[in-house]
Protein chains: 2
Amino acid sequence: MKQKRTTIYDIAKALNIHATYVSKALNEHSNISQEMIDKVKKKAAELKYRHNSSAANFRASYSKTCGVIVPKINESFFSNAIAGIEEVCAQNGHHLIICQSLESYTKEVEAIETLIRQNVDCIIISLSLETKNSNHLQEVLANGITLIQFDRYDESILSYIVKNDNREAAGRAVKHLLDQRYRRIAYIGGPEHLRIYIERKQGFIDTIREAQISIPYEYTCNISLRREESRKIALELLNGPNPPDAFFTASDFAALGVMQAAKDLNIPVPGKLGIFGFQNEEFTQYLTPTLSTVDQKSMELGALSARLYFSNLQNKEETGTSGNYKTEVVKCSLITNQSSVRSSKDPSQS
Amino acid sequence: MKQKRTTIYDIAKALNIHATYVSKALNEHSNISQEMIDKVKKKAAELKYRHNSSAANFRASYSKTCGVIVPKINESFFSNAIAGIEEVCAQNGHHLIICQSLESYTKEVEAIETLIRQNVDCIIISLSLETKNSNHLQEVLANGITLIQFDRYDESILSYIVKNDNREAAGRAVKHLLDQRYRRIAYIGGPEHLRIYIERKQGFIDTIREAQISIPYEYTCNISLRREESRKIALELLNGPNPPDAFFTASDFAALGVMQAAKDLNIPVPGKLGIFGFQNEEFTQYLTPTLSTVDQKSMELGALSARLYFSNLQNKEETGTSGNYKTEVVKCSLITNQSSVRSSKDPSQS
DNA sequence: TTGTAAGCGTTATCAA
DNA sequence: TTGATAACGCTTACAA
C-alpha cells in the first residue's frame, strides 16, 4: 500500500554509479571527491531520499533505541523521569520505546520480552510494585542488553542503578518533623521487597531512635501507597487510643490520603498534625496547606540513567571493555512546605 | 561486544533442518506437522531463541511502531494522552516511539525527520505552539505514513484529526459563568494560528453575544498561555478602570495565573471573581478553591487517536483501500469546581 | 577514486 | 511435508 520510498539504489541508478558508492558519499567517507558528495547529496534531495535507519540499524545489529519501562506514564514522577531520559537520548541520537507496566508483574515481563525482540540497546526500568522476581531482568542481561534500574530497583541484579539517598533523605525529613516539635511520628511505607522502601523506613527508624523516642508497633506500616488505602490507615491511627501527631510517608499519594483523613476528622495541619511526603509530585505545591515532600529530582534521575548508558557506551568503544556496573546516587532535597511547619504558637503535644 | 543472539539458523542447525522451515514452524504455518512444530519450539526455548522483530519488520517494511510527538511529555494533558495511546497500541502489538517538541518548531521538524527515518507506520502528533507551517506534515504523508493530529491540529493538512468540541465546550463554560451571575467575563486565549484557540474563542464570543452583552476590547487576548504571562495580564485587567468579574481561559495554566493574580490583589474567588480553565490538568482539583475546568478527556483523546489508526489499518487490509480521513470529536465535560460557583449571598456586580 | 560482494535475520514464493 | 532462493536497504571489507 505504502508507496516505495527512495533508496540508495534509486539514487545510484539516476547517477549511473553504484549504490555502495552512494552510501559512502552520503556518509562522507574519506576518499570520496567533494564533487561526488555534492552531486549525490543533490540528487538525494531531489529524489526526496531519506536514510532508512531501520535498515541500517538492522544491519549493524543495534537499534540506537532505548527501551523504557515505568509503572505509569502519567504520574508526574515518571513522566518527569521520561522527559529527562528523552532529552539525553535525543542528544545522543537515540530513540525511546516506552512501555508501562501499570504496576503489574505480568505486564512488566511482557514489556521486557517486547523490548528484547525489538533489539533495543538498553533498557531503563523502574520496577512495578508487584515485582518480586527478577528472572526477566536476568534475561535482559543474557541478551547482552545494558540494564539500568532507577528508583525502584532489585539489588540482586547486576546492573546500573540510579537511586536517591533514600535513607538519608528520609532521615532528614523525620529530623525536620522532630525539629518542629512533632513527637509521635507514624510512618506509612511501601512494599519491602523493593529496596527503596526498606531504605526509607530505615531512615525513619534510625532517626527516631537517635532522638531516643520509641515507636509504637502500629506506627509503621507497609502498603501499596495508594491514596485511599493510606487514608484509611491514617483514620484508624488518628481515631486510635494513641494518635500520632505527624506522618511521614514514602509517597506523596499516601500523604495525600493522610491529609484527606485529617480533613475528615477536622484536625488542623500543620498545627495538630504534621505531614511529610516523598516524591515531589506536582500536586504537592497546589494543596492547601502545601505538602512538604522530599524532592527526588525525577528529571535528573531519568537524565542520569540515560547518561550512564551513554558514558558506558563511549567507554566500550574506546577501551573495548564495558565499565563496571555502578550505583549512582542522586541526593534528594527537602521541600519544607506548610504541612510540616508549625508556627511557634502551635502546641507540642506530649 | 554484544554476544550474538540465537537465530533460526542456530535452531535449524541443531535440528538438521532448514532455517526457512524453522521460521514456518515457529509461525505455525499450515502444512507443518504438529510434531515438527513442537520439536522446533522446544529447541527454540532450549536455545533461548527470541524472534528478532527488527529483522522481520525490516523485511516486511513496516515497523509496527507508532511515532508520537507532543510538546511536553511531563504535562498531565499529554502524559495522559500518551497513556491512552500506549494502551491501545500495546493491545494491537504496536510500540511507541516518543518525542517531545518542547513547543519548538525546529524540534518538531527534527522529530518528524527522525520518525520517518525510523520507518514508523504512523505519526500521532499534537503541534507545538510555534508551529505555523506544515511542510513537515506534508512530508509525513508524502512518505506514506498515516498522520493523526490530536488537539492542536493544522486544518490545512489532509489527515485524521481527533479534537474536542472546543467551541461548544467553551460556550458551555461561559454559559455556566453567566448562570452564576458573572457579567464582565474576560477571555485569555492561545495563539490563533492553531485552530483550537480560534474555536475556543469563538465559543466564548458567541455565547457572550447571545446573552446580549458587549465585550470590551481589552477583554480578550491571545498569549502563549503560560502561568506568569497570564498572571500579568490578569493583574492589568483587574487593576484597570473596568475590571472583569470573571475569566475564562483556554488553558488551566493560564487560569492558575489568574488565580494567582486574584490572590495578589486579595480578590475573593469565586465571590468577586469567577475563574474557569480548560484542559483538566491534574492540579486543578488540588487548588483552593478547586478550579473549574473543561475536561478534555485527554486519555480518551489519545486512545481514540490510536484506535483510528488501527481501524484504518484493518480497513486497508480488508478492502485494500485506505478509509477517508475523518475528524473525530470528543465531547468535553464541564467540571464545575469551586472557582466558578457562587453562593447565593455573593453579590452580582454590575 | 570507484566498484563489487557479502551479509545482517526474516519470510514469501516457488520447487522438490 | 520439506527445501532452496531471493529479497528487504544498508554498510564494511576488499578489489580494481
Side-chain angles (χ1 to χ4, degrees), chain A residues 1-40 43-44 47-65 116-121 143-144 317, chain B residues 1-40 43-44 47-65 116-121 143-144 317:
Chain A
M1 229 58 28
K2 241 170 173 173
Q3 77 269 43
K4 263 177 66 83
R5 58 197 274 176
T6 310
T7 71
I8 49 174
Y9 288 94
D10 300 318
I11 301 176
K13 209 178 293 170
L15 292 174
N16 246 312
I17 55 177
H18 202 94
T20 305
Y21 202 54
V22 172
S23 165
K24 284 184 197 162
L26 289 173
N27 291 310
E28 308 198 16
H29 271 219
S30 48
N31 312 334
I32 308 273
S33 62
Q34 189 57 46
E35 192 194 0
M36 202 45 154
I37 293 183
D38 295 342
K39 209 164 105 189
V40 170
K43 184 56 90 179
L47 298 179
K48 301 204 175 221
Y49 167 78
R50 271 210 180 65
H51 182 96
N52 185 334
S53 325
S54 86
N57 292 340
F58 165 57
R59 183 185 185 283
S61 88
Y62 53 59
S63 59
K64 294 209 176 189
T65 298
I116 296 178
R117 276 163 158 49
Q118 282 294 311
N119 221 351
V120 296
D121 297 342
N143 278 272
E317 276 164 8
Chain B
M1 228 61 21
K2 240 171 175 174
Q3 76 268 44
K4 263 175 66 80
R5 58 196 274 174
T6 310
T7 71
I8 48 174
Y9 287 95
D10 300 319
I11 302 176
K13 209 178 293 169
L15 292 174
N16 246 313
I17 56 176
H18 202 94
T20 306
Y21 202 52
V22 172
S23 165
K24 285 184 195 161
L26 289 173
N27 290 309
E28 307 199 17
H29 271 220
S30 48
N31 313 332
I32 308 271
S33 62
Q34 189 57 46
E35 190 194 3
M36 201 46 155
I37 294 182
D38 295 343
K39 208 164 108 188
V40 169
K43 185 54 92 180
L47 297 179
K48 301 204 176 219
Y49 167 79
R50 273 210 179 66
H51 182 95
N52 185 333
S53 327
S54 88
N57 292 341
F58 165 58
R59 184 185 185 283
S61 87
Y62 53 59
S63 58
K64 293 210 178 191
T65 298
I116 295 178
R117 276 162 155 54
Q118 283 295 312
N119 222 351
V120 296
D121 297 342
N143 279 271
E317 276 164 9

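Lettering of chains follows the sequences in order, A, B, ..., and the numbering in each one begins at 1. Model, not experiment: these values are computed from the prediction.
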Spacing between [X] atom [atom1] and [N] atom [atom2], to the nearest angstrom:
{"X": "E35(B)", "N": "dT1(D)", "atom1": "CD", "atom2": "C1'", "answer": "11 Å"}
{"X": "I17(B)", "N": "dT1(D)", "atom1": "CD1", "atom2": "C1'", "answer": "12 Å"}
{"X": "N27(A)", "N": "dT2(C)", "atom1": "CG", "atom2": "C1'", "answer": "16 Å"}
{"X": "N143(B)", "N": "dG9(D)", "atom1": "CG", "atom2": "P", "answer": "13 Å"}
{"X": "K39(A)", "N": "dT1(C)", "atom1": "NZ", "atom2": "P", "answer": "14 Å"}
{"X": "N31(B)", "N": "dT11(C)", "atom1": "CG", "atom2": "C1'", "answer": "15 Å"}
{"X": "N57(B)", "N": "dT11(C)", "atom1": "CG", "atom2": "P", "answer": "10 Å"}
{"X": "I11(A)", "N": "dC10(D)", "atom1": "CD1", "atom2": "C1'", "answer": "12 Å"}

Phosphate oxygens OP1/OP2 of [N]: is one of them under 4.0 Å from a side-chain N or O of [X]?
{"X": "T6(B)", "N": "dG9(C)", "answer": "no"}
{"X": "H18(A)", "N": "dT4(C)", "answer": "yes"}
{"X": "Y21(A)", "N": "dT2(C)", "answer": "yes"}
{"X": "H29(B)", "N": "dT11(C)", "answer": "no"}

Test for a donor-acceptor pair under 3.5 Å between the base of [N] and the side chain of [X], counting only N and O atoms.
{"X": "R59(B)", "N": "dC8(D)", "answer": "no"}
{"X": "T20(B)", "N": "dT2(D)", "answer": "no"}
{"X": "Y9(A)", "N": "dC10(D)", "answer": "yes"}

Distance, nearest 0.5 Å, that separates CG of N119(B) from OG of S54(B)
11.5 Å

K24(A) or R50(B): which one's nearest nucleotide on DNA chain C is closer to the 5' end?
K24(A)

Let me know, please, whether S23(B) or A55(A) comes out on the 5' side of the other along DNA chain C by nearest nucleotide.
A55(A)

